[in-house]
Amino acid sequence: MTTTTTSTSTSLKMVEQSVLMGGGIALAGVVAGIGLVAFTEQQGERAKERGSGLSDGMSTRIAGSLMEDVEVSSVADLGSLTSQLEQALKGTGATKDGQFEMTEAEKKRIAEEADDGW
């Protein structure tokens, strides 16, 4: 008579393998994301050092287009721009010499219209 003994082995695991794999993938994704942001930021700084980065005006316009509730002026000096436009129009001959001149009454009227009490 032969007796066979069967042994049953039990494997006690506190955490399942799929949970460990998911955690590892999540951690790898976070590390890759942080690395990508750091790399992009470093390349932007290097581009600025070389002088091939965005100008301040372009950066302002991009930031203004991405933010809905913030008004951004892309013109640093409005008086300079106005005089440049006037000179360009005068240079083409499309305007008369006194066309851009305003009387004191017109200046006063515009100032009163612009004053809204604030």
Side-chain angles (χ1 to χ4, degrees):
M1 172 159 132
T2 16
T3 34
T4 47
T5 56
T6 59
S7 65
T8 57
S9 65
T10 58
S11 175
L12 296 175
K13 294 182 182 177
M14 298 301 284
V15 181
E16 291 188 20
Q17 186 176 2
S18 60
V19 173
L20 288 175
M21 287 174 50
I25 291 170
L27 182 63
V30 169
V31 169
I34 291 171
L36 185 61
V37 168
F39 174 75
T40 304
E41 192 70 26
Q42 181 185 19
Q43 293 303 313
E45 293 299 321
R46 287 183 60 203
K48 280 184 183 178
E49 289 173 4
R50 288 191 313 258
S52 64
L54 294 175
S55 66
D56 289 337
M58 181 63 77
S59 298
T60 302
R61 276 185 258 149
I62 290 172
S65 67
L66 296 176
M67 293 186 282
E68 296 175 6
D69 59 342
V70 177
E71 292 183 19
V72 177
S73 173
S74 62
V75 178
D77 183 16
L78 191 58
S80 171
L81 178 64
T82 304
S83 64
Q84 288 175 1
L85 291 172
E86 288 175 0
Q87 293 300 324
L89 285 173
K90 288 178 184 176
T92 62
T95 61
K96 299 174 187 169
D97 284 337
Q99 187 172 358
F100 295 116
E101 306 303 323
M102 295 178 63
T103 64
E104 291 300 319
E106 289 175 327
K107 291 178 184 178
K108 185 178 178 183
R109 180 185 56 82
I110 291 173
E112 289 173 357
E113 288 176 2
D115 184 22
D116 59 358
W118 286 93

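Excluded from the calculations below are hydrogen atoms, water molecules and symmetry mates; all remaining heavy atoms, backbone and side chain alike, are included.
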With clusters built from Ile, Leu, Val, Met, Phe, Trp and Tyr whose side-chain heavy atoms come within less than 4.5 Å, directly or transitively, what are the remaining members of the cluster of Ile34, listed by chain and number? Val30
Determine the minimum heavy-atom distance between Thr92 and Leu89, stating which atoms define it. OG1-O, 2.8 Å
Which donor-acceptor pairs under 3.5 Å do side chains of residues 105-113 form with protein atoms, sequence neighbours excluded?
from   : atom 1 : to     : atom 2 : distance (Å)
Glu106 : OE1    : Thr103 : N      : 3.1
Arg109 : NH1    : Glu113 : OE2    : 3.0

